[in-house]
Every structure is written in structure tokens, then in C-alpha cells.
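Excluded from the calculations below are hydrogen atoms, water molecules and symmetry mates; all remaining heavy atoms, backbone and side chain alike, are included. The structure displayed is predicted, hence computed values, not measured ones.
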Amino acid sequence: RRTHGGAVFTKSPGGSYAFADHETTAVDEKRAIGQAAASMIGEGQTVIINGGTTCFEVARNLAGRRLSVVTNSLPIASLLSGEMATEVTLLGGYVYPRTGVALGSMAQRQVAEIHGSLLILSCAGLAPEGIFNANQMMVDIERAMMDVADKVILVVDHNKFGQRAVAKLCSLEAIDMIVTDAGAADDTRAWLDALPVEIVYAPMGD
């Protein structure tokens, strides 16, 4: 079920998984980022998609395309599983109750057996020291995903720049591309453009 700025997974008999990514923040920015990132994905590719509202927006723009998608996100798997052209592999493990993503050693072992052309990744914060997420279990599965992907694309809205969270995922040099919106301040843009990472600014709609 779509909500203002996000989505809620409604197919769980025990209730709903609401994204912890503050559904009401940066709604238009996340939609623009989702469209821009999805446009870079070619037909027939195998794409690993992590959980979170920005990753969900990428997945929403992939629905119905001829792709193989691997995800640890129940909301994303539910979104795409009804599409005949899109093959979906859902990773299993401990389901984090706030977001509906599978985490833990079981999910990590399954990731080690796959390969992806691309990894679509989100985060809780991005600063000069690196990329951060909300807890160590999330970081562990994301690192495992990075190990099996040819290219890592970070999708992040401008509100996350300069923010830090509990667990550091990696240095900025460990990813290949950042897809963000056009809302960053000039000094932040100058910092981003100086990074050894490709930066894509998603155009905002009218």
C-alpha cells in the first residue's frame, strides 16, 4: 500500500512493515532518484536491491521489465513478484521488524552464492568519513552484497549528506556511483563533485 512518501507492506498476516526511513521526508526527491537510477539498468541484467524507501522507488520503476532482481526486502519482493517479466529472488533470514528486510548470517550465506551486475544501495548518512547505516546487521548484509556485485550504486537524497549513523558501511571510494537529487547546497555539490565517484543529479519533475 502506497503511503505519503513511502510504502507499507500489507501482506503479512501479523501486521505491516513500515519503512523506518521516515516515509514523509524527501518524497519528490526519492521519486526522482528512483527514476534516474532505474533508467541506468539495462534489460536482462541481474540487479541486487537493498531495502529502504529510496530503493523501493528504484524497484517501482523496474516493475514489468525483463530483469532478474535479488532482494532482501519483503516490500520490494512483494511489489515485483506479480510481474511476469521480472524474476524475483527473495533472500531469507531474520526479518527486521521496522523495515521488513532479511538480515543475519542466513541471509549473508545466501548472498555469497549469487552474483549481480549491479547493487542498488541506500544509507542513513553520508559524510567525508564514509557511508553509514542504522545498525551493524544492516551493514553486514550490505557488505556481503557489495562483494558479489560488479557495480555499486548508492541512491541517497540530499538530506542524508553530512549525516552519520551508528554503523559505518564503507569508505566513499568503495562505491562506483551516487545518484542523488538536485537539492544539495553548492558547497555540498562541490564536495561531491571532487569525490573519485561518479555523481548523477536526478532532475526534479515540474
### Pairwise side-chain contact, Y201 with D193, heavy-atom cut-off 4.5 Å (strictly under)
yes
### Query
Within the side chain of R164, is there an N or O that forms a donor-acceptor pair under 3.5 Å with the backbone of E129?
no
### Shared hydrophobic cluster, M106 / Y96 (ILVMFWY, side-chain heavy atoms < 4.5 Å)
no
### Query
With hydrophobic residues grouped by side-chain heavy-atom distances under 4.5 Å, do F132 and M137 end up in a single group?
no
### Summary
In V111, L103, L121, the residue satisfying side-chain contact (heavy atoms from CB on, under 4.5 Å) with E142 is L121
### Message
Using only atom types and a distance under 3.5 Å, with no angle test, would you say the side chain of E29 pairs donor to acceptor with the backbone of H158?
### Response
no
### Task
Compare all side-chain heavy atoms of N135 with those of V166 and state whether any distance is below 4.5 angstrom.
no
### Task
Verify the distance criterion only: is there a donor paired with an acceptor across the side chains of Q136 and D140 at less than 3.5 Å?
yes
### Closest non-hydrogen atom pair, A127 against L172
O-CD1, 3.7 Å
### Partner of K30 under side chain to side chain donor-acceptor pair (under 3.5 Å), chosen from D181, N159, T53, T54
T53
### Query
Should I199 and I175 be regarded as members of a common hydrophobic cluster, given that ILVMFWY residues are connected when their side-chain heavy atoms come within less than 4.5 Å of each other, either directly or indirectly?
yes
### Task
Taking E83 for its side chain and L80 for its backbone only, find out whether a donor-acceptor pair lies under 3.5 Å.
no
### Query
Under 3.5 Å, side chain of K151 to main-chain N/O of D176, donor-acceptor pair present?
no
### Query
Going through the distances and angles, do V179 and I153 end up as a side-chain contact (heavy atoms from CB on, under 4.5 Å)?
CA-CA 7 Å; V179 181; I153 299 177; 3.7 Å; yes
